Structures are given as C-alpha cells and as structure tokens.
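Since we're looking at a predicted model, the values are computed, not measured. Below, chain A is the first sequence line, B the second, and so on; all start at residue 1.
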2 protein chains.
Amino acid sequence: MHHEFHHPVSRMKSEDRRELILESATGVFGQFGYYGATTDQIAKAAGVSQPYVVRMFGTKERLFIEVIERALAFILMTFRAVLAEGHHDLQHRFGSAYVEMLRQRGLLLSLMHSFVLGGDPVVGARAREGFLEVYAFLRHEAGFGPEEAQQFLEGGMLLNTLVGLRMSEEFETSPLANELLCTALPHKLDLLLELGEAQRLGT
Amino acid sequence: MHHEFHHPVSRMKSEDRRELILESATGVFGQFGYYGATTDQIAKAAGVSQPYVVRMFGTKERLFIEVIERALAFILMTFRAVLAEGHHDLQHRFGSAYVEMLRQRGLLLSLMHSFVLGGDPVVGARAREGFLEVYAFLRHEAGFGPEEAQQFLEGGMLLNTLVGLRMSEEFETSPLANELLCTALPHKLDLLLELGEAQRLGT
DNA sequence: CTTCGAAGTAATCATTCAATAACCACATAA
DNA sequence: TTATGTGGTTATTGAATGATTACTTCGAAG
C-alpha cells in the first residue's frame, strides 16, 4: 500500500492554483520577510505540497519577485481606479484606498520587506524600480508636486511601519500607541483594528 | 602540528570585543535583516570565529535584541544631546541628527527590519516597545504635539525606506530618484551619497 | 475504453546554519 | 614557574530548507 494518495480534494487549473499560491505567499512573505518565509509555510498556507510551489515558480526568489510585482500592480491599479473617479481631494482619497489595501493580507508588508533589501542585486533592483513606479505615478499621472508626493509617501511608510509593528495590538494597553494610531489614521482606524483582531484569531 | 592557531593577533577585553561584535552585527543585520543575516557573516565581519559570537550572546535572537536595544539607546541619547543644546527649531535639528546616524552603519536599518517583524513574539514585542519609547520621547521630553510627532516619524520612516532601498544608487541614473532624494533630504544629501559610495567600494 | 497531458505528490538530497563540545593560548599573580 | 581563568579556536552535529527526481492520478479527447 505504498502510495495512499491523500488530498484527492480539489484539482484546479494551473492559473487559478498559481494565483492562490501567490496570495498565500504574499501573506507569508508579509509576515516573515523574504529570508524568514519558507516555501513549506507558503505551500501549507496554499494547501499544496512544497515541491509544487518551487516547481511552479522555479525558485523562491522568483516567487518573491512575482509577489512584489503583483503587489505593485495592484497598488497602481487601485490608484488609477481612484483617479478615474475624479481629481478632487486626491491625497485623502489615495490615503483611504491605501489603507483599504490592508485587506489584501501581506501585500503592503511584502513590499515593505523588499524595500529594506535594497542591497540584494535582484530583489533590491526590482524594489527600487517598483518604488519609483509609484513615485512616477504620483508625479506624472496624479499630478502631484514633489513635496506633495513626498508627503504622501511619508504617510504611507509610517502606515506600513505601524502595521508591520502590529501596533494595533497595543491599542488598548498603551495610551501612547492609542494616540499614535488615532493621529496617524484619522479615518479607517476601525479597519486596522478589525484586521488585527482577525489576525489574532487566525493565528 | 595539529592546531596551527591563526589570528594570534589581537586579544581584547571581553567588553571591547562585545562592542565590536555588536557593531558588526548591526551592519550585517541592517543589510540582510534578522533571518537573512547569519552568525557566520557577523563573525567574519568582526574578525572572530562564529562559535564565539553565539557563545557571547547565547543565541542569534538575543544578539539581535541587543543590537536593536543598542540602536535605540543611541538614538535617544543623540536626541537628548540635541535637546540639551536648545529647544528651538527642534524638528529640523532632530532631522539632521537622525540623518547623521546613517554614519553608524546599519543602525537605522536594523531597527527598520525589526519594525516589520511585529508578528514575532519576542522581536516584535521589543520593536513595538522601542518605537513607542521614541514616540514617548518626542511627546513628553521634546514637547511635540501628536501631529508634530507623527510628522517627524513619517519623515523618518521614509528616510529609512529610501536608505534601505539604496535609492542613492539611482541618483545619477534616474531623474525621478534624483528629484525624490533632493526633496526628501533638503540638507544632508551629500552625506547619503557619500555613504552610498563608501558602501559600493567596501562591498 | 484507452491514451496522454496536465496537475499534483512522496521521497530524498545537498547545503546551510545555529548551536555545542572540546580544546588551546596567553596573561597574570602566587 | 607553575596554576588558573579569560579570551579565544577548531571540529562537529542536528535540524531546517530549497531544490530535484520520480512517481501518481485525474480528466478529457479520440
């Protein structure tokens, strides 16, 4: 009775499975970073075997690159959708849309992890390029000036950091954390807390 | 002729060696992050054997914790020194001091790496605490209001990100990167470029 | 039916890495 | 001059991990 094959469950088309794995990988990379995440964790999160993950993407590095490229594409697509709905109050509307992206688990954090690996010849190069794509969008498509664009990026980076820190976990225990979060996320604070709660239960 | 002991060079006091290793570790952790850095890289950077590194700090995790605690202490010390020289123009003077800290290789980036590992029970907890210490300093010692403190942190996080990305490498090749850097670092741009250059030669 | 490609899996390998063990050498003081 | 402890080392190990290989099963088309 050699190979009692388990999981005869779901057979998907390659493209769908690929998307599913990318989603799981985004979550795992977001939590542990490029080096910290293992292909096995990703595979388990996707409900698939580890070799399959590797075979589908070639290497862990290529998988990570695909993850951050997908994340970037998502951000730009979202911003363009916002732009299509009018050019008024952009700073604020982009901000809201950005916070909403927290719903895509690990998306912003995977990017953030890539941003601090600028020294890596392949990951770093792609990360720089990606960051500049966003800046180019703000400057040329959204019509932001240099200071305005910079200000927006500053806010984004602080948000990423607070999310990465899981500062929402201290929302009720630390008055300072409370104040910081309330100041930094004028609107949408409820979303952050809700997601933090979901995460706590899920893990 | 079993043990031809090399490196009979320098024998240091434990405290000095410890400090030297912490400095090397800061650099390596800053470049590769907690998971990406290896104790062996750190050892080589410190000119010492790998087992000695782990024996001196117990585990890699404890070493990392010490690195970020040291970094935090350095930041607060520096800011307090700035504060001692007068309460005028604090935002700008803190900013300058912050950028100057780039001279301590890997110091800001090690912290940044810790900030995106908030999910880790021990690293994440210490990182949150550390971040809040800085916020507490700004609010209570420096006398910043919530918005002012937030604004300062935003600028700091963008700076960290740009450094992590090694955006300075694109300074001459990409007009957008050039503009971004010039906008984000009104003063002190030369320092960033100088350090980037040193790094390129050193690695 | 049967065949055949696409969608997966189990088994295993080669490294890498943190950690441990066991040992060595230099300085200092008795 | 010889004990002794502090500041190191080499050798090794066990676990984790990315990658490879060689299967297997399902579904659809002939």
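- For residues 21-39 of chain B, proximity to DNA chain C is found at B/A37, B/T38, B/T39, defined as any non-hydrogen atom under 4.0 angstrom from a strand atom.
- Residues that satisfy the ring-ring contact (aromatic ring centres under 6.0 Å, His included) test with B/H140, not counting sequence neighbours, are absent from this structure.
- Whole-Å rounding puts the A/K13 NZ to C/dG8 P distance at 12 Å.
- By the side chain to side chain donor-acceptor pair (under 3.5 Å) test, B/R93 is found to be paired with no residue, residues two or more places apart in sequence or in another chain being considered.
- Non-hydrogen atoms lying under 4.0 Å from DNA chain D are contributed by nothing in residues 109-117 of chain B.
- Fit an axis to the five pairs at each end of the helix from C/dC1-D/dG30 to C/dA30-D/dT1 and the two axes sit 10° apart, to the nearest 10 degrees.
- Judged by a 6.0 Å distance limit and a 45° cone about the ring axis, A/K60 is positioned over the six-membered ring of A/Y34.
- In this structure, B/D40 places its CG atom 16 Å from C1' of C/dT20, rounding to the nearest Å.
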Using the side-chain contact (heavy atoms from CB on, under 4.5 Å) rule, take B/I42 and B/L63 through it: C-alpha gap first, then chi angles, then the decisive distance, then the call. CA-CA 10 Å; B/I42 294 167; B/L63 170 56; 3.9 Å; yes

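- Using a distance-only test at 3.5 Å, with no hydrogens or angles considered, no donor-acceptor pair links the side chain of A/Q104 to the main chain of A/M101.
- Rounded to a whole Å, the CE atom of B/M12 is 18 Å from the P atom of C/dC26.
- Scanning for side chain to side chain donor-acceptor pair (under 3.5 Å) contacts around B/D120 gives an empty result, with sequence neighbours left out.
- Annotation: side chain to side chain donor-acceptor pair (under 3.5 Å) contacts of A/R128 (sequence neighbours excluded): B/E170.
- Considering A/I75, A/L83, A/L132 as possible partners of A/F137, the one that fulfils the side-chain contact (heavy atoms from CB on, under 4.5 Å) test is A/L83.
- For B/R139, the salt bridge (Lys or Arg N to Asp or Glu O under 4.0 Å) test picks out A/E179, with sequence neighbours left out.
- Listed by residue number, the members of residues 48-63 of chain A with any heavy atom below 4.0 angstrom from DNA chain D are A/Q50, A/P51, A/R55, A/T59, A/K60.
- For the pair B/R11 and C/dA27, the criterion of a side-chain N or O lying under 4.0 Å from OP1 or OP2 is not met.
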With a 3.5 Å cut-off and sequence neighbours excluded, list the donor-acceptor pairs that the side chains of residues 21-31 of chain A form with protein atoms.
{"from": "A/S24", "atom 1": "OG", "to": "A/L20", "atom 2": "O", "distance (Å)": "3.1"}
{"from": "A/T26", "atom 1": "OG1", "to": "A/L22", "atom 2": "O", "distance (Å)": "2.7"}

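- Partners of A/E61 under the salt bridge (Lys or Arg N to Asp or Glu O under 4.0 Å) rule, at least two apart in sequence or in another chain, do not exist in this structure.
- A donor-acceptor contact shorter than 3.5 Å is absent between the side chain of A/K188 and the backbone of A/Y98.
- Residues that satisfy the side chain to side chain donor-acceptor pair (under 3.5 Å) test with A/Q151, not counting sequence neighbours, are absent from this structure.
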